[in-house]
Amino acid sequence: MRLMNLKNDELLIDENTKEPLKLIYYPKEENKSSLKIKIKEGIKASIIEVFAGNDLNEEFNREFIIEDNAKLEYLKYQNIGENSNININYTLDLKNSAVLNMINFELGEGSNKNNFFTNLDEKESKLNIYGLVKLYKNSKSESIFRTTHNGQKCFSNIKYKHILDDSSKATFDALSKVNESALFSKVLQNSNTVLLSDDAVIFARPHLEICIDELEASHGATTGSLNKEQLLYLQARGIEEKKAKQILLKAFENEIYAKIEDSKIAEFLKNLEGDNNV
């Protein structure tokens with residue numbers, strides 16, 4: 001896995017990546033607050049970006065340009081401490097038949113806000129944004145999505161899962177607009193949340209604005225606690241309550257893990273689970 005040391009505010013990828021490029025930001029070091037990432041026509045690439053530390057307080061701007069027939073898989077792995085407060089603004093530009101798969105893992109404490117702004121202006125582009133948000137104590141997370149379909153046969157899919165404990169709070173605010181020119185679009189939004197505490201809170205607001213009939217669209221949100229019947233079933237087979245809860249939560253998370261296409265990104269996450277460090 002290559003570790004990138006950026007000397008300017010632009011990363012141009014003009015050849016296929018054999019392994020993910022890795023970008024890491026730690027507190028108390030010089031950080032780049034803005035970065036443009038451009039994937040050239042026909043290129044397939046993978047990137048891992050890590051935000052970690054207890055004193056990370058900054059606003060980051062990320063601009064992605066995915067040219068014709070190019071594909072990027074991007075993992076954001078975030079594990080910040082209670083003294084951290086970060087905002088990340090993503091601007092996403094997909095050209096003809098471009099594909100962007102984003103997987104966002106947000107763990108730990110602190111506060112963060114993520115804004116995703118996307119205009120799908122050209123034909124047959126495909127955007128997937130998947131998220132797993134696991135919070136505890138007094139941590140807060142906001143995920144704001146603004147997606148506009150203008151090109152024909154474009155696809156957008158926003159799917160987030162939240163596991164909230166203690167007094168943590170999360171927001172899922174998604175607005176996808178399909179304009180008259182975006183014939184035969186497909187638009188999906190979904191938020192699923194497990195609350196592990198009576199004090200944990202989720203604000204889920206999926207929303208569609210549709211100006212045409214020729215499309216496929218769905219949106220929804222679910223919120224609840226762990227299934228008591230499933231817990232009792234596992235305990236009846238000799239599994240302790242704590243372990244049973246871990247099994248059910250892992251099954252809940254696995255849908256997001258299954259969306260990862262690059263095996264080396266999956267391996268990166270598996271190794272983190274083993275060492276609990278980056």
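- A distance of 10.0 Å separates OG in Ser111 from CD1 in Ile86, rounded to the nearest 0.5 Å.
- Connection of Ile260 to Tyr77 is established within a shared hydrophobic cluster, with ILVMFWY side chains joined at heavy-atom distances below 4.5 Å, either directly or through further cluster members.
- Residue Asn119 holds its CG atom at 10.5 Å from CG of Leu94, rounded to the nearest 0.5 Å.
- We find that Glu261 and Lys71 are joined by a salt bridge, their nearest charged nitrogen and carboxylate oxygen being less than 4.0 Å apart.
- In this structure, a donor-acceptor pair under 3.5 Å is present between the side chains of Tyr90 and Tyr74.
- Here Phe155 and Phe184 keep their ring centres 6.0 angstrom or further from each other.
- Within a 6.0 Å radius of NZ in Lys250, other residues, nucleotides and ligands contribute more than 12 heavy atoms.
- Ring to ring, Phe60 and Phe51 are close: their centroids are under 6.0 angstrom apart.
- Contact check for Thr91 versus Asn115: no side-chain heavy atoms found under the 4.5 Å cut-off.
- Judged by distance alone, with hydrogens and angles left aside, the side-chain atoms of Asn57 form a donor-acceptor pair with the main-chain N or O of Asn85 at under 3.5 Å.
- For the pair Asn79 and Phe105, the minimum side-chain heavy-atom distance is 4.5 Å or more.
- With Asn96 contributing its side chain and Lys123 its backbone, the two residues share a donor-acceptor pair below 3.5 Å.
- Proximity of Glu73 to Ile103: side-chain heavy atoms (C-beta onward) are separated by under 4.5 Å at one or more points.
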>> For a side-chain contact (heavy atoms from CB on, under 4.5 Å) check, start with the C-alpha distance between Leu132 and Tyr160, then their side-chain angles and the critical distance, and finish with the verdict.
In response: CA-CA 6 Å; Leu132 177 61; Tyr160 262 57; over 6 Å; no
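- The two atoms that bring Glu241 and Gln235 nearest to each other are CB-NE2, 3.5 Å, heavy atoms only.
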> side-chain contact (heavy atoms from CB on, under 4.5 Å) between Tyr257 and Leu269: does it pass, once the steps are laid out?
Replying inline: CA-CA 9 Å; Tyr257 281 89; Leu269 289 170; 4.2 Å; yes
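- For the pair Asn114 (side chain) and Ser141 (backbone), a donor-acceptor distance under 3.5 Å is absent.
- Taken to the nearest 0.5 Å, the CG atom of Leu75 stands 11.0 Å off from the CD1 atom of Ile47.
- Under the 4.0 Å criterion applied to side-chain N and carboxylate O atoms, Arg205 and Asp173 are assigned as salt-bridge partners.
- You'll find the side chain of Leu11 reaches within 4.5 Å of the side chain of Ile13, heavy atoms only.
- When hydrophobic clusters are built by joining Ile, Leu, Val, Met, Phe, Trp and Tyr residues whose side-chain heavy atoms come closer than 4.5 Å, directly or via intermediates, Leu226 is grouped together with Tyr233.
- Donor-acceptor pairing under 3.5 Å is lacking for the side chains of Asp166 and Ser197.
- In this model, no donor atom of one side chain and acceptor atom of the other lie less than 3.5 Å apart for His149 and Ser176.
- Panel note: side chain Ser84, backbone Asn54; a donor-acceptor pair is recorded below 3.5 Å.
- Across all their heavy atoms, Leu135 and Glu106 have their closest contact at CD2-O, 4.5 Å.
- Tyr136 has its side chain within reach of Glu109: a pair of non-hydrogen atoms, C-beta onward, lies under 4.5 Å apart.
- The distance from atom NZ of Lys18 to atom NZ of Lys44, rounded to the nearest 0.5 Å, is 15.5 Å.
- For the pair Ser185 and Ala182, the tightest heavy-atom approach, listed with the atom from each and the gap, is OG-O, 2.8 Å.
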> Hey, mind stepping through Thr193 and Leu164 against side-chain contact (heavy atoms from CB on, under 4.5 Å) and telling me if it holds?
Replying inline: CA-CA 8 Å; Thr193 302; Leu164 307 180; 4.1 Å; yes
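- Of the possible polar contacts, one joining the Asn227 side chain to the Gln230 backbone as a donor-acceptor pair under 3.5 Å is found.
- For the atom pair Leu127 CG and Asn157 CG, the distance stands at 8.5 Å (nearest 0.5 Å).
- The shortest heavy-atom contact between Ile265 and Pro20 is CG1-CG, 3.8 Å.
- Of the candidates Glu255, Lys134, Glu253, Lys161 forms a side chain to side chain contact (heavy atoms under 4.5 Å, CB included) with just one, namely Glu255.
- Contact annotation: the side chain of Arg62 never approaches that of Asn89 to less than 4.5 Å [non-hydrogen atoms, C-beta and beyond].
- Using a 4.5 Å cut-off on side-chain heavy atoms (C-beta onward), Ile144 and Lys113 make contact.
- Electrostatic pairing of Glu49 and Lys76 does not count as a salt bridge here, judged by no charged N lying under 4.0 Å from a carboxylate O.
- Criterion: ILVMFWY side-chain heavy atoms under 4.5 Å apart, direct or through other members. Under it, Val178 and Leu92 are not part of a common hydrophobic cluster.
- More than 12 heavy atoms of other shown residues, nucleotides or ligands fall within 6.0 angstrom of atom CD in Glu214.
- If you take CG on Asn69 and CD1 on Ile43, they are separated by 11.0 Å, rounding to the nearest 0.5 Å.
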> What's the verdict on side-chain contact (heavy atoms from CB on, under 4.5 Å) for Ile129 and Asn104, showing C-alpha distance, side-chain angles and the deciding distance?
Replying inline: CA-CA 8 Å; Ile129 305 179; Asn104 300 304; 3.7 Å; yes
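- Residue-environment remark: NZ (Lys159) exceeds the threshold of 12 foreign heavy atoms within 6.0 Å.
- Val201 is not connected to Leu196 by any chain of hydrophobic side-chain contacts under 4.5 Å among Ile, Leu, Val, Met, Phe, Trp and Tyr, and they are in different clusters.
- For Thr17 (side chain) and Ser46 (main-chain N/O), a donor-acceptor pair under 3.5 Å exists by modelled atom type.
- Using a 4.0 Å cut-off between charged nitrogen and carboxylate oxygen, Lys38 and Glu67 count as a salt-bridge pair.
- Using cut-offs of 30° and 60° for the angle between ring planes, the Phe145 and Phe116 rings count as parallel.
- Using a distance-only test at 3.5 Å, with no hydrogens or angles considered, no donor-acceptor pair links the side chain of Glu180 to the main chain of Cys211.
- With hydrogens and angles disregarded, a donor-acceptor distance shorter than 3.5 Å links the side chain of Ser181 to the backbone of Asn150.
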